[in-house]
Amino acid sequence: MSLHPDPDLPLSRLAMAGAVPRAPYLDDLNPAQRAAVEALDGPVLMLAGAGTGKTKALTARIAHLLTTGRARPNEILAVTFTNKAAREMRTRIGRMVGEAVEGMPWLGTFHAICVKLLRRHAELVGLRSNFTILDTDDQVRLLKQLVQAAGIDEKRWPARQLAHVIDGWKNRALGPDRIPVGDVSAFDGKGVDLYAAYQARLRDLNAVDFGDLLLHVIAIFKAHEDVLAQYQRWFRYILVDEYQDTNIAQYLWLRLLAQGHRNICCVGDDDQSIYGWRGAEVGNILRFEQDFPGAAVIRLEQNYRSTPHILGAAGAVIAANKGRLGKTLWTSLNEGEKVRLIGHWDGEEEARWIGEEIEAMQRGTRGMDPIPLDGIAVLVRASHQMRSFEDRFLTIGLPYRVIGGPRFYERQEIRDAMAYFRLAVSPDDDLAFERIVNTPKRGLGDKAVQTIQVVARQNRVSLLDGARIATDSRLVAGKGGNELRVFVQAMERWHDQVVREGDTHVELAQMILDESGYTAMWQNDKSPEAAGRLENLKELVKALEQFDSLQGFLEHVALVMDNASEDGGEKVSIMTLHAAKGLEFPAVFLPGWEDGLFPSQRSMDEGGLKGLEEERRLAYVGLTRAERVAIVSFAGNRRVHGQWQSSLPSRFIDELPKEHVEVLTPPGLYGGGYGAAGMAVGASPVLQAGMASDLAERAARADVYASPGWRRLQARAQVRPQDRFGREPGESRGLTIDATADSSFTLGDRVFHQKFGYGRIVGAEGDKLDIAFEKAGEKKVVAKFVVPAPGGGEDDVPF
DNA sequence: GGAGTTTGGTTTTTT
DNA sequence: ACCAAACTCC
């Protein structure tokens, strides 16, 4: 498949000789894709809808740059967000141009590329080029120390929150010296100072966090024109994948680099922007044409993935968002299956039904060809929803795999092992020292560690040196002191080995783990997960083989280490909607479409309309993952944090057009036959707090609520709900209120508030109520934000 | 220092 | 309900 007749002949020379070979990669592009590939000069925005062959166009564009001799492989800057995306792009380019892809050092994630740049120019921002990269865990531990040092109550102001605030600033490329006034009250008004202290501390430690990778490079570019100019010249063509996910810092970084030649091609889909909560700015993609005047905007709208019904449904949902760049996906595929919609009594029943449905699909149902298990996915809004599916699939013996979950390198044993390696490589890595000095237990408690810290600070040395001094001077004595001495000596020995490269790094790593007693610690551990941890350690050591040295490994691992091996095989995939972006499956289940869960209440509370729109994009992403069939479902009752909660079907269900939806008759007796209106209706007409007006609004525009089916359901639900087994959805119906109930309260009523929980009314003033909350204490709350709760002064709210 | 108990906090996740 | 972190007591 290589285009390259002679791998030794430089591509550029090939091109210059007029020997541009026939380009098969251009042949299988549609006109839009081809336009995007051939518009090589100047700014290009490739708006690529779901399933429109975005990666194909992007990789073909790179191949085209290479084969036409516009750029040598090392003159192309191609940025992605994830290592996975970078890897995929690399293999696909390789398939088009052969070995030339090996010469592309600047194809990678924003962070990986920034590490490369920063190692070259570290001294310009006061770092040494062997700086360490802190992950979130290190970051929080460091911040915790600073919070403690500042004498702040850790309970009320957790370090994790500070980390979040600082990340937010870094996403917006704000250093401690230019925090806007609106933000100075953050973290009890001490956020800015702590941020500054944190940056100072990082510099002392010769360390950076993920955000710094971008910010330091931006700082270098801004302060050193010559350096910037050099890279502007070097990177002749810039390509950016998933542009809708860029944050402000990434945007500034790109803009600096693209300023000269403006050969920047950004690929993305504003409708798939789902990472606003971690700093992504949809604005970047919406503003592209202003940022780069004269930009060519190319829309990829032909979808190769889904049937017209699925596209129709997804398109109608996303159409409810405002301020879109606008795209209409179309397909030449045949009609296919409508989106299926089904309501269930509760979450367990939903899981049960989906389990059965998957088994049926596997065999082939309703005239559909059988679908293998790995062609089926269950996509949930929040990871806690996965549990009921895992439970269910486990009981019926349906093989499944959970995608996402904790990453390999985030596991405790891996992080411990890495800390040993880090300390062996850099003896002044204090964070690593702290992590492992008493792991395994060496009889060194808080007291001893504190002493070491004091000694180290007094002598202005690293903690490891401090520890040596502390043992020599008997400041840390006794059993702990002896063990500490052994630890320090062993660490020095290992460090020598690293420097002298006496053994191979793989043997050395194994030796460190064994001699430190770390392996033994897990061997002696009787807990059920110990065996797995030992396995992981083995895997870690094995992973080392692919690197030249421990240093090399550590350098890459922080940025590049992915999830443990994906075992193949016939399995259903369970994952979050976020994790599903970019994937596709013949059959997709979309459970939990209930207001409050999806769209998530929290997103709406915190993000308002913007939040809701991002949730809607998530719905769009979910639907467009499906190739042949999408099954949307909701449950009337669900146990959340141990309490039963009723909810309405998601408002996104209302947005699914009738003509693309088939309402399935729910299983069993419950709700049977209410599909008459041809649209979804609630499994339960109960409302979440504060939604009464919302319902009215919806009723006004959606005729389904006037339908016989809806009315019947309302009538049905006047009876205390029970399913066919006579179960009730638990004792407490907390968040719920009858849609028609008059929300007037009496002193002593028990009520529920979305944020503060349960409480009792102790006073009132106008529409404001004084409520003594059980958890949150006494507060004044506007009446419309609370709903009656069971156990009040009067009888339960009528159901 | 370590086992056992209480408390708090629970969306989404990459690097 | 459930998990992890913090706290208590030996």
Nearest-Å distance for atom pair [atom1]/[atom2], residues [X] and [N]:
{"X": "A/His384", "N": "B/dG9", "atom1": "NE2", "atom2": "P", "result": "17 Å"}
{"X": "A/Phe81", "N": "B/dT13", "atom1": "CZ", "atom2": "C1'", "result": "12 Å"}
{"X": "A/Arg387", "N": "C/dC3", "atom1": "CZ", "atom2": "C1'", "result": "10 Å"}
{"X": "A/Met386", "N": "C/dC2", "atom1": "CE", "atom2": "C1'", "result": "16 Å"}

Using a heavy-atom cut-off of under 4.0 Å over every strand shown, decide if [X] touches base, sugar-phosphate, or nothing.
{"X": "A/Asp245", "answer": "nothing"}
{"X": "A/Lys170", "answer": "nothing"}
{"X": "A/Glu606", "answer": "base"}
{"X": "A/Leu577", "answer": "nothing"}
{"X": "A/Thr576", "answer": "sugar-phosphate"}

Practice prompt. Verify the stacking flag for A/His641 against B/dT10: centroid separation must be under 5.5 angstrom and the ring planes must differ by under 30 degrees.
Written response: yes

Practice prompt. Compute the ring centroids of A/Trp253 and A/Tyr251, then answer whether they are less than 6.0 Å apart.
Written response: no

Worksheet item: If you measure from the Lys or Arg side-chain nitrogens to the Asp or Glu carboxylate oxygens, is any gap between A/Glu594 and A/Arg638 under 4.0 Å?
Response: yes

Item to complete: Decide, yes or no, whether a salt bridge links A/Glu483 with A/Lys479 under the criterion of side-chain N to carboxylate O below 4.0 Å.
Response: yes

Worksheet, complete the sentence: Letter by letter from the 5' end, nucleotides 3-8 of chain B scores (B base, S sugar-phosphate only, - none; protein heavy atoms under 4.0 Å) ------

Fill in: Canonical and wobble pairing (Watson-Crick, G-U, under 3.5 Å) of DNA chain B, dot-bracket with |
||||||||||.....

